[in-house]
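Inspection log for the structure reproduced underneath, given as structure tokens.
Sequential numbering from 1 along the given sequence is applied to the chain's residues.
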Amino acid sequence: MTEELTRLGDLRYPIGRFTTPSSSAAGNRDAHIETLRLLPEHLSAAVAGLNDSQLNTPYREGGWTGRQVVHHVADSHANSYIRMKLALTEDWPTIKPYDEAAWANLPDSRLPVEISLDMLRVIHVRWVALLESLGEDDFSRGYVHPGVRANGGRQDIAQALALYDWHSRHHTAHIQNLRQRMGW
């Protein structure tokens, strides 16, 4: 049983669980921004050539399909981009969480993945441009996330940036690992 839980844990967290970095130094932030810049290209490559049957295969038992993962990334990154803009224009606003699992089951999550890949390309151009324009003090601005217990839910832009670097690599790895396991 422990072996099975470990295997499922590895499938669920193929690059490990997110841990908040000990430093938000400019060099680290630059690397996180580069991950966001490359995410549309990397996610597109992960699903390239997959047919509908393959895209509709869950990456693990009880998990989302590759199609749902792509649409989830677009939903999540659009929300994060807006949250960061709120943090830059308001004083620690409380953001509205959303039910990711429920969103993944809405009808638009059955659309072709190219729609969300196009959405990601456009959002990421703007998001990266915004992040690259920020001054040092801007990265300490943030928002309150009611669903986060640590630090009273306060997340600064530097922390959110590190989280979305991880999120980008995490979900791309779900699809890459599925392809590898299935021999696609």
Side-chain angles (χ1 to χ4, degrees), residues 9-10 12-46 64 68-104 106 108-109 116-177:
D10 290 345
R12 191 167 178 204
Y13 296 102
I15 64 168
R17 290 181 183 261
F18 175 73
T19 55
T20 304
S22 57
S23 168
S24 68
N28 293 344
R29 291 193 310 261
D30 289 346
H32 299 321
I33 292 169
E34 187 63 13
T35 297
L36 293 182
R37 179 189 327 280
L38 296 173
L39 178 270
E41 177 185 333
H42 289 170
L43 193 58
S44 292
W64 288 338
Q68 287 174 305
V69 168
V70 172
H71 293 307
H72 161 72
V73 172
D75 290 341
S76 178
H77 289 208
N79 272 282
S80 183
Y81 171 58
I82 296 299
R83 289 170 179 174
M84 286 187 188
K85 289 184 78 151
L86 288 168
L88 290 166
T89 58
E90 299 178 23
D91 186 27
W92 289 91
T94 299
I95 57 97
K96 171 96 172 69
Y98 66 101
D99 184 337
E100 296 174 355
W103 282 38
L106 289 172
D108 65 329
S109 289
S116 282
L117 293 171
D118 288 344
M119 182 176 157
L120 282 165
R121 284 182 196 96
V122 173
I123 288 171
H124 277 246
V125 166
R126 290 192 60 191
W127 196 7
V128 166
L130 177 67
L131 290 165
E132 288 180 335
S133 75
L134 299 183
E136 188 67 31
D137 291 344
D138 293 323
F139 286 96
S140 62
R141 297 182 63 96
Y143 50 80
V144 178
H145 191 309
V148 174
R149 292 184 187 159
N151 200 24
R154 290 171 68 95
Q155 293 182 317
D156 64 32
I157 290 175
Q159 293 167 324
L161 176 58
L163 174 63
Y164 278 84
D165 170 320
W166 173 85
H167 190 261
S168 297
R169 294 178 295 108
H170 167 73
H171 284 304
T172 302
H174 281 145
I175 296 168
Q176 291 168 329
N177 289 355

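Take Arg141 and apply the side chain to side chain donor-acceptor pair (under 3.5 Å) test, not counting sequence neighbours, and it matches no residue. With sequence neighbours excluded, the residues forming a side chain to side chain donor-acceptor pair (under 3.5 Å) with His174 are His171, listed by chain and number. Scored by the side chain to side chain contact (heavy atoms under 4.5 Å, CB included) test, Ala104 finds Trp64, Gln68 as partners (sequence neighbours excluded). Contacts of Arg83 classified as salt bridge (Lys or Arg N to Asp or Glu O under 4.0 Å), with partners at least two apart in sequence or in another chain: none. Remark: Ser80 pairs with no residue by the side chain to side chain donor-acceptor pair (under 3.5 Å) rule, at least two apart or across chains. Applying the side chain to side chain contact (heavy atoms under 4.5 Å, CB included) rule to Ser140 yields no partners; only residues at least two apart in sequence or on another chain are considered. Applying the side chain to side chain donor-acceptor pair (under 3.5 Å) test to His71 and every residue at least two apart in sequence or in another chain returns Ser116. Residues passing the salt bridge (Lys or Arg N to Asp or Glu O under 4.0 Å) test with Glu132 are Arg37, sequence neighbours excluded. Judged as a side chain to side chain contact (heavy atoms under 4.5 Å, CB included), and not counting sequence neighbours, the contacts of Asn28 are Ser23, Ala25, His32. By the side chain to side chain contact (heavy atoms under 4.5 Å, CB included) test, Asp99 is found to be paired with Ala101, Ala102, residues two or more places apart in sequence or in another chain being considered. Asp118 pairs by the salt bridge (Lys or Arg N to Asp or Glu O under 4.0 Å) definition with Arg121, not counting sequence neighbours.
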Apply side-chain contact (heavy atoms from CB on, under 4.5 Å) to Ser168 and Val73, showing your working. CA-CA 8 Å; Ser168 297; Val73 172; 5.9 Å; no
Which is it for Glu90 and Lys85 under the salt bridge (charged side-chain N to carboxylate O under 4.0 Å, His left out) test, yes or no, and what are the steps along the way? CA-CA 9 Å; Glu90 299 178 23; Lys85 289 184 78 151; over 6 Å; no
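A donor-acceptor pair is defined here as one N or O able to donate and one able to accept, closer than 3.5 Å; such a pair exists between the side chain of Ser133 and the backbone of Leu130. A donor-acceptor contact shorter than 3.5 Å is absent between the side chain of His145 and the backbone of Gly153.
Between the side chains of His72 and His77, no donor N or O sits under 3.5 Å from an acceptor N or O. A side-chain donor from one of Ser76 and Tyr164 sits under 3.5 Å from a side-chain acceptor of the other.
Leu88 is listed as a side-chain neighbour of Leu134, based on a closest heavy-atom distance under 4.5 Å. Between Trp103 and Asn79 there is a side-chain heavy-atom pair separated by less than 4.5 Å. Under the 4.5 Å side-chain criterion, counting only non-hydrogen atoms from C-beta, Leu43 is in contact with Ile175.
For the side chain to side chain donor-acceptor pair (under 3.5 Å) condition, the pairs that include at least one residue of residues 146-163, sequence neighbours left out, are Tyr143-Gln155.
A distance of 5.0 Å separates CG in Leu163 from CZ in Phe18, rounded to the nearest 0.5 Å. To the nearest 0.5 Å, atoms OH (Tyr13) and NE2 (His170) are separated by 6.5 Å. Interatomic distance, CG of Asn177 versus CG of Asp10, reported as 9.5 Å (0.5 Å rounding). Taken from CG in Leu161 to CG in Asp30, the straight-line distance is 9.5 Å, to the nearest 0.5 Å. The structure places CG of Leu131 at 5.5 Å from CZ of Phe139, a figure rounded to the nearest 0.5 Å. Here CD1 of Ile15 is found 12.5 Å from CZ of Arg17. Values are rounded to the nearest 0.5 Å.
Scanning both residues, Ile157 and Asp138, for their nearest heavy atoms gives CD1-O, 3.5 Å.
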